[in-house]
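Chain A is the first sequence line, chain B the second, and so forth, proteins listed ahead of strands; every chain is numbered from 1.
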Amino acid sequence: MNLNELVNMKDASFGYEGKPAVTELNFSLKKGDYLFIVGENGGGKSTLVGGLLGLRKPLSGAAHVHVKKNRVGYLPQQTAAQKDFPASVYEVVISGRLPKTGLMPFYRKKDKAAALQNMEKLNVADLRKKCFRELSGGQQRRVLLARALCSADELLVLDEPAAGLDPESTRELYLLLERLRGDGLTLIMVSHDTANALRYATHILHLGGRQEFFGSPADYAATELGHRYLGNCFDD
Amino acid sequence: MTEILQMIKEMLGYQFIVRSLIVGVLVALCAALLGVSLVLKRYSMIGDGLSHVGFGALALSAALNAEPLTVSIPIVMAAAFLLLRLSENSKIKGDAAIALISTGALAVGVVIISQTTGMNTDVNNYMFGSILAMTGTDVKISVFFTIAVLVLFVVFYNKIFAVTFDENYARATGVHAGLYNTIIALLTSVVIVVGMRMTGALLISSLIIFPALTSMRLCRKWLTVTICSAVVSVVCFASGVVCSYIFAAPTGASVVIANIIMFGLFSLVARVRKAG
């Protein structure tokens, strides 16, 4: 095993209740890689994200993620919490520090400082006393991303991070992610944003119920699949 | 007004009432705190299911002539554990699993009672509660357990928030969500057994559900909802007990009615605030 290897899938498949949603996964990622997972809806992207996070075990094959769980951050596609959940922005963001506290019952000074710092990075520090459920969709995404940054020391997994963001916030998001990568973070992102995939990714994984492609953006653009998929996106 | 104050003074002259009040306030506090998480996790009915199990367990302890709390607490804890497992293993869905266990336990309890002691005052107390039901030993055990629940709640406060707000996130980042769910269920079972002596098996789950729902009408943060539920619960309990003494009404039912009135008030204020 390569020491820098972070993720390794060998003939892995993931699914629900024994039914595979995505199969034939064969890829590996190194520290500092930036993977975009693309493909049509229902192609198994979110299922794979669940697998990468250890929320579901592979139905077959082998799936290894060599990161301690409390060094992983995650931005879910939808807020799992229900609409009327009472929680302030600050309470949501600092809950991302919980994996770092171990057996300690309370948050320490450095946890509070980290939460504040990440809220500032995402421009939500002004909202910290606001109720999470009363924010706009885009603001909620930014708050949840701040929570993810509180947890992420090595690996950050994002399920459609740009959904609900306006173009300016999207641009800022990609710049922020570039900076985080510069700090040594590995990024895995589910996205429909193929233009930015070509610009930023080190690897692209195309899923359509199975692994259709894995490789560099340049190789992807050269394949018929990539050509077709990218072409579709430009038509939108 | 002076008459009411006179009656309260008279009431506090009875030592057994003071003891029961202390236990009641502690139970109301615990129930309200756990209730916030249970309601938001859509586990409200677990409280109801467990109270029926508690009824069966109390019937069993009466038949065995054993100390009621020492028999019921472990049985209800085991039921809580089983309920969580059942609802996670999705073959039987959560609400159906609760109905299975609660009606089953109730049936067993009723059969045990009919075969042994028969429907006497004790049984009536298990169903509808009585402030007179607590013995000296009961009070000691109750105080010990409720204080333990309060301490554990404070210790696990942040963890309970995390697994309630977003269980998947907690799991993905290595927080033992299953363990904390189990802790919540076990603490709930303790509160239910201790509380049902006073409010009765049929009404104890309202102590868990009402204060949380009431405070969510007005509060928008986890911390404020938690504190507000605790205050609402204790206030409703105290006023319910006083009313039950004055009108010679059952304690449990009076407390629940106080909670209903409070819920109505909070809803009204929320509506006025929204309109204004």
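When heavy atoms are compared at a cutoff of 4.5 Å, V155(B) approaches chain A by way of both its backbone and its side chain. Neither the backbone nor the side chain of A152(A) comes within less than 4.5 Å of any heavy atom of chain B. Within the 4.5 angstrom heavy-atom criterion, no atom of L155(A) approaches chain B. Interface remark: R71(A) contributes no atoms to any contact with chain B (heavy atom separation under 4.5 Å). Residue contact with chain A, scored on non-hydrogen atoms closer than 4.5 Å, is absent for V36(B). Neither the backbone nor the side chain of K68(A) comes within contact range of chain B; no heavy atoms are under 4.5 Å apart. Interface remark: V92(A) contributes backbone and side-chain atoms alike to the contact with chain B (heavy atom separation under 4.5 Å).
The residue among G96(A), A148(A), A87(A), G102(A) with the most heavy atom pairs within less than 4.5 Å of chain B is A87(A).
Around the NZ atom of K130(A), the shell of radius 6.0 Å holds no more than 12 heavy atoms that belong to other residues, nucleotides or ligands. In the displayed structure, R108(A) atom CZ is contacted under 6.0 Å by more than 12 heavy atoms of other residues, nucleotides or ligands. More than 12 heavy atoms of other residues, nucleotides or ligands sit less than 6.0 Å from atom NZ of K69(A).
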Residue pair F132(A), F165(B): steps toward the ring-ring contact (aromatic ring centres under 6.0 Å, His included) verdict: CA-CA 11 Å; F132(A) 176 73; F165(B) 180 71; 5.6 Å; yes

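Between the side chain of E91(A) and the main chain of L223(B), a donor-acceptor pair closer than 3.5 Å is present. Side-chain atoms of K221(B) never come within 3.5 Å of backbone atoms of Y90(A) as a donor-acceptor pair (strictly under, hydrogens ignored). Listed for the N158(B) side chain is no donor-acceptor partner under 3.5 Å among the backbone atoms of L98(A).
Looking at heavy atoms from C-beta onward, W222(B) lies out of side-chain contact with S88(A) at the 4.5 angstrom threshold. Within the 4.5 Å cutoff, the side chain of P76(A) has heavy atoms near those of the D166(B) side chain. Using a 4.5 Å heavy-atom threshold, the side chains of L40(B) and P86(A) count as touching.
The structure places OH of Y74(A) at 12.5 Å from CZ of R171(B), a figure rounded to the nearest 0.5 Å.
Among residues 49-60 of chain A, the residues having any heavy atom closer than 4.5 Å to a heavy atom of chain B are, in sequence order, L53(A), L55(A).
When only modelled atom types and interatomic distance are considered, S151(A) and Y169(B) share a side-chain donor-acceptor pair under 3.5 Å.
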